[in-house]
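Note sheet for the following structure.
When a ligand or atom number is given, it counts from 1 through the structure's own listing order. Computed from a predicted structure; not experimentally measured.
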Amino acid sequence: MNRESAKEKARELLSRMTTEEKVAQMIQVTYTDGGREEALKWAKLGAGSFLHVLGDDARELQREAMKTRLGIPVIFGIDAIHGHGLNNKATIFPSQLTCACSWDPEVARKMGEVTAREVATDGLHWTFSPVLCIGRDTRWGRVNETFGEDPYLIGEMGAAIIEGYQGDDLADDAHILACAKHYLGYGEATGGRDAYDTEVTERKVRELFLPPFKKAVDAGCATIMTAYGFLDGTPLTANRRILHDVLRDELKFDGFVITDWDNTQSLVWLQHIAADISEASIMAASAGNDMIMTTKGFYEGMLAALKEGKVDISVVDEAVLHILTIKYEMELFDKPEKRGEPDCFGKPEHLEASLDAARKSVTLLRNNGMLPLCGNVKKVAVIGENADNVRAQYGDWTYFTHPVPDPTNSRPAIRPYVTLWEGVKDICEKNGIEAVYAKGCAVKPLEGVNEDADLAEAVRVASDADVVIYAVGDVIPQFGEYSDRADLDLSGRQNELFARLKETGKKICTVLIASKPLCMGDTAEKADAVVCGFNGGMFAGQALAEVLFGKINPRGRLPISFPRHSGQIPVYYNQMPGWHGGKYNDLPQAPLFAFGEGMGYSAFAYENLCLDEDLMLRVTVKNTGARDGVETVQIYQNDCVSSVLTPVRRLIAFKQVELSAGESKDVEIRLSKDDFSLINAKCEKVLEPGEFILYAGHSSKEEDLISITIKL
Ligand code: BGC
């Protein structure tokens, strides 16, 4: 049903609802708080939505909801963040950050499509994804959930995954609702502290944080989640300017807004801007939140406020209208359960999509010729806990980190999955190469455990091999919500083990299996090769092994910069000019690895960059290597003189081209005036005529770019 007809129907239904039914419709209850009995009670009361409930438990609640006076169906939400990961039968994709290494919106779209099918087959309608936060402070525990540090790349990947989740029609059985989150500025919390103050101006909000959400709205995203945290002293949950004026009036968002977890109650006990739940309920609803996640007290709080005349019923009416409109548009009243393909978890085609995403995301960052491993290698040593740790490989938001509805966390990992050790062993076995594994040391050692013998064993194993593959990284719970880190150095004895492996004189390839960039020091700088795998999902190990042995040509590019030291943060590429000295006096200015960086077994050269009057950019790209490869052509601009400071470089476009060995192609990319506009001091988006430097090349680094000066 189209949005307009759905709105009509919603209006008519609203006119028949009691105040209690309306307020209940705004509430989303979690199954994990009170379990089945409590959930059934809320279904009977007419709660609008439930989260964190799967399959038959959800179906039971839906049947209960349909028995209520007006038979209003419930909508079920779930954190299907990189696959429907809270269900251990589902296909686990690479994390969003890993997926962003592909710089390929089609990878995101496919991930969205497959996830939607598996969520729908579980009787659910809605995922709280994608995260459109900007991951610029890598101390933040949730960087793994972002598409990286750049608003343009985030917007492109975000729009694609939303289209993948939602398809063309919200009523389609194979698709689900998307939820762009966390609106707004959540990732920029001071000090990387989760849900903390975000010290940014409205101009900066418009320049950096809003654009990905605009793309999400333009892509038709049906729902938006409000951020924890606060902007200039006002919690986002209570921020009508951002939630209503900017989102609805300017961006023309026409779906519904949901708060984050218990964020209405937080106004009272955490943020201290409301005296009690009634006041908090008025604030949250009046600011523009339509659905209230998990704060059950909203029900009594809002009813009391209405009774005492502290808030007008029109506030509730508007919210309920937004929710019912989407429910009608989904045709939920006619088919309260999704009727997607039954039990399609982990279908071969879905697994293939996860493997494809993992392959396209592996990012080779350094290679002194060690890779690809070839003919003369007879024995490979694989070292490191994360080389054989499926939990670390999966990262956050799976049944390991958020078991639903089984709080005992007893569900086993379901095959198929392939760890790095398994992937390497498999290729070795098929090629008559010997492979040996040693853990070496724990990523996060338990207190009091002496690992001396484990380290010695790893060194012995390495000494006896021709080459060493050394996996380093982080493990649960070193990342995720509530898990920010002040120190991003490799934890435990990982650096010490690298130094000792190095003493064996063997060639070492360091493989990062981690939630986000870590400060790797010599473990990266003195390695012969460095490969970044982040949290690559089910088939990360296979994809990494294929890269190491040259079965595939790596094509990943970093969506985020790597600091050398936690004190060097922020190191994002799009910095402002003007820093006296331009660097700390004890560290180089450049990050360890920069945004856009990534190499393969081919090399690419650029020439003939030009822009015509219609803003069509052309550049010639040549594969100068001996292998066919895929290059991600990156286009940046710099505004030479502007009325407000603008970054030294800003990504405005990218395009992937396949080039056979030796082949040259003329690449065309259509730019628009928007790509050169800025947000001026009055917070208006304007194009200031003048000179711009236009860059094209292989990464955000100066030495990887060619440039021309243009006049607009
Ligand atoms: C997170 C959201 C998530 C929600 C529901 C919150 O704590 O911030 O990203 O969707 O919980 O699980």
Side-chain angles (χ1 to χ4, degrees), residues 27-33 39 47-54 58 75-87 95-97 115 119 124-135 140-147 154 158 161-162 165 176-189 192-196 198 212-213 216 221-230 235-237 256-267 269-271 284 289-296 395-405 407 477 479-484 515:
I27 294 182
Q28 184 183 61
V29 175
T30 172
Y31 204 73
T32 51
D33 173 16
S49 173
F50 289 85
L51 83 160
H52 291 187
V53 53
L54 307 173
I75 182 174
F76 293 107
I78 192 80
D79 287 286
I81 304 298
H82 50 116
H84 181 29
L86 273 50
N87 185 325
S95 69
Q96 255 192 228
L97 186 67
T115 304
V119 168
L124 314 177
H125 315 107
W126 178 23
T127 177
F128 305 124
S129 170
V131 169
L132 301 183
C133 300
I134 301 188
W140 186 38
R142 302 187 71 172
V143 167
N144 66 93
E145 295 180 54
T146 71
F147 283 122
I154 292 172
I161 201 169
I162 288 166
Y165 287 136
I176 57 173
L177 302 185
C179 180
K181 69 185 190 185
H182 307 79
Y183 183 78
L184 194 68
Y186 180 40
E188 195 77 353
R193 297 175 190 173
D194 193 33
Y196 198 52
T198 306
F213 283 94
C221 192
T223 75
I224 295 224
M225 188 185 295
T226 312
Y228 292 132
F230 35 116
L236 271 310
T237 312
F256 73 85
V257 175
I258 179 161
T259 71
D260 203 343
W261 188 281
D262 208 19
N263 228 2
T264 305
Q265 187 70 48
S266 303
L267 297 173
W269 72 274
L270 200 55
Q271 294 171 327
N289 294 285
D290 303 309
M291 189 173 276
I292 308 293
M293 187 190 282
T294 70
T295 305
K296 295 178 198 164
D396 205 2
W397 291 112
T398 72
Y399 48 91
F400 293 131
T401 57
H402 293 77
V404 175
F479 52 85
E481 240 177 298
Y482 291 90
S483 281
D484 313 313
S515 64

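Side-chain atoms of Tyr165 and Ser129 form a donor-acceptor pair, as typed in the model, at a separation below 3.5 Å. Side chains of Ser95 and Asn144: no donor on one and acceptor on the other come within 3.5 Å.
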Would Thr259 and Asn289 satisfy side chain to side chain donor-acceptor pair (under 3.5 Å), going step by step from the backbone distance to the final call? CA-CA 6 Å; Thr259 71; Asn289 294 285; 5.5 Å; no
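Remark: the backbone N or O of Asp396 is paired with a side-chain donor or acceptor of His82 at under 3.5 angstrom. Judged by distance alone, with hydrogens and angles left aside, the side-chain atoms of Thr294 form a donor-acceptor pair with the main-chain N or O of Asp262 at under 3.5 Å.
Residue contact check for ligand 1: His402 places no non-hydrogen atom closer than 4.0 Å to it. Put simply, no part of Glu145 is less than 4.0 Å from ligand 1, judged by heavy atoms.
Taking every heavy atom of Glu481 and a limit of under 4.0 angstrom, the matching atoms of ligand 1 come to 1 (C), 6 (C), 7 (O), 8 (O). Close contacts of ligand 1 with His52, meaning ligand atoms under 4.0 Å from a residue heavy atom, involve 12 (O). Annotation for ligand 1: atoms under 4.0 Å from non-hydrogen atoms of Lys181 are 2 (C), 3 (C), 9 (O), 10 (O). Interface atoms of ligand 1 facing Phe128, defined by a heavy-atom separation under 4.0 Å, are 10 (O).
On a distance-only criterion, Trp397 and ligand 1 share no N/O pair closer than 3.5 Å. Among the atoms of Asp79, some N or O lies under 3.5 angstrom from an N or O of ligand 1. Considering backbone and side-chain atoms together, Tyr186 places no N or O closer than 3.5 Å to any N or O of ligand 1. Among the atoms of Tyr228, some N or O lies under 3.5 angstrom from an N or O of ligand 1.
For the pair Glu481 and Asp194, the minimum side-chain heavy-atom distance is below 4.5 Å. At least one side-chain heavy atom of His84 sits under 4.5 Å from a side-chain heavy atom of Leu54.
Using a 4.0 Å cut-off between heavy atoms, Arg142 contacts ligand 1 through its side chain alone, with no backbone atom that close. Within the 4.0 Å heavy-atom criterion, the part of Leu51 lying near ligand 1 is the side chain and not the backbone.
Of the listed residues (Asp262, Asp260, Thr294), the one carrying the non-hydrogen atom nearest atom 1 (C) of ligand 1 is Asp260.
Using cut-offs of 30° and 60° on the angle between ring planes, the pair Trp397 and His402 is parallel.
Ring pair Tyr196/Trp140: centre-to-centre distance not below 6.0 Å.
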